[in-house]
Amino acid sequence: MAVTRIPDYVVIGHIAIDRTPLGDILGGTVLYAALAAARYGARVGILTRANIDGFTVAQREELVAVAEQIEIVSQSSAATTTFTNDDVAGRRSQTLHAWGGEIDLNGLPPLWRSSPALHLAPVAQEIDPRQTQRLAPTFLGCTPQGWMRQWHPDRLGQVRTSALRLPAELVSRIDAMVVSSEESTHARDILHAIGQRGLVAVTRGQQSTALIDRGRETSIPAMRVPVVDATGAGDVFAGCLFASRAARQSVAASARFATAAAALKVAGRGVLSVPRREDVERLIDEREPGSSSTVWDP
């Protein structure tokens, strides 16, 4: 897909396929977060790696619908990262069926290197943290879940969670990080380091989200809604939080918008259920009359 503009916001990570009882659907943090940022009002680009030629007709149509709002650069691969996610005693059990391979950050389009905001969004060890030294956006956000996932290198299969280990140089440049409550237990030292000078959000589903903003700890109440599909809610939260902070909105306003967007996401199914800005603002006004947010202003 042709690169024709400098995005406000670039997301790097695997487009993935999630196997569900209703069939194989497109997923991956890059799609959910990028579409959330785009519907917030940012110009967005994705750098990914996948076997797009192997997509089903329905998956290709969904990707085309996303690409109407987002520029996508996909490096070729023999496979697309594919997961099955099961709920076992209230916790997610994950199986990796196929892996798309490492993304070459040298393939980031030159025009995108001056993007104001960049979101590192690995889902399966596809980004080499050492390559990120060449990236120098004004705002650097990260959802590190893919760096905490390990599996058997030959037969793939069951995914286990390991401690988050990142180069100190990269940690020192991250402005904001979003993790789930389960992931936070494997990343305490890094979350503490980032939270002392930047922003950390620990999402807890339908419970409040914990924030650490330059050493100050607060929480944002969840907006409870009927849950249809929680897949991608944390990614939508991250995309909206990072886009809003990169647009110089306050931490409180950014977290409020991200919380409302995640609530609306769980009420729908699939990538295209990521809510539009006007719907998010309507929910905020209903729950918190008088609250408002401004448009993208890089």
Could you tell me whether the side chain of R165 reaches within less than 4.5 Å of the side chain of W147, counting heavy atoms only? no
Measure the shortest side-chain to side-chain distance between P116 and Y9 over non-hydrogen atoms and say whether it is less than 4.5 angstrom. no
Co-membership, hydrophobic cluster, residues [X] and [Y], 4.5 Å side-chain:
X: I72; Y: V123; value: no
X: V266; Y: V274; value: no
X: I12; Y: L166; value: yes
X: L191; Y: L140; value: yes
X: V159; Y: I17; value: no

Is a side-chain donor-acceptor pair under 3.5 Å present for [Y] with [X]?
X: N85; Y: R19; value: no
X: N51; Y: D53; value: no
X: T161; Y: Q94; value: no
X: H14; Y: T81; value: yes

Working to the nearest 0.5 angstrom, can you tell me the gap between [X] [atom1] and [Y] [atom2]?
X: S115; Y: L135; atom1: OG; atom2: CG; value: 10.5 Å
X: I194; Y: D175; atom1: CD1; atom2: CG; value: 9.0 Å
X: R49; Y: D104; atom1: CZ; atom2: CG; value: 8.5 Å

Heavy-atom count check: over 12 atoms from other residues, nucleotides or ligands less than 6.0 Å from R130 CZ? no
Quick one: is the NZ or CZ of R60 closer than 6.0 Å to the six-membered ring centre of F55, and within 45° of its axis? no
Measure from NZ or CZ of R248 to the centre of the six-membered ring of F139 and say whether it is under 6.0 Å with the direction within 45° of the ring axis. no
Return the minimal non-hydrogen interatomic distance between K265 and D229, and the atom names on each side. NZ-O, 3.4 Å
Testing the basics here: between S77 and G100, what is the closest heavy-atom pair and its distance to 0.1 Å? OG-O, 2.7 Å
For I25, which of T231, D18, V271 qualifies under side chain to side chain contact (heavy atoms under 4.5 Å, CB included)? D18
According to side chain to side chain contact (heavy atoms under 4.5 Å, CB included), who are the partners of [X], at least two apart in sequence or on a separate chain?
X: A34; result: V11, V44, I46, I70
X: R155; result: H152
X: A65; result: L272
X: E183; result: Q145, M148, V179, S180

Could you tabulate the donor-acceptor pairs under 3.5 Å formed by side-chain atoms of residues 208-216, not counting sequence neighbours?
{"from": "D213", "atom 1": "OD2", "to": "R216", "atom 2": "NH2", "distance (Å)": "3.4"}

Do the ring planes of W99 and W151 sit parallel (below 30°), tilted (30 to 60°) or perpendicular (above 60°)? tilted
R282/E278 ion pair, N-O < 4.0 Å: no
ring-ring contact (aromatic ring centres under 6.0 Å, His included) contacts in which one or both residues fall within residues 154-212, not counting sequence neighbours: none
Would you say T82's side chain and T80's backbone share a donor-acceptor pair under 3.5 angstrom? yes
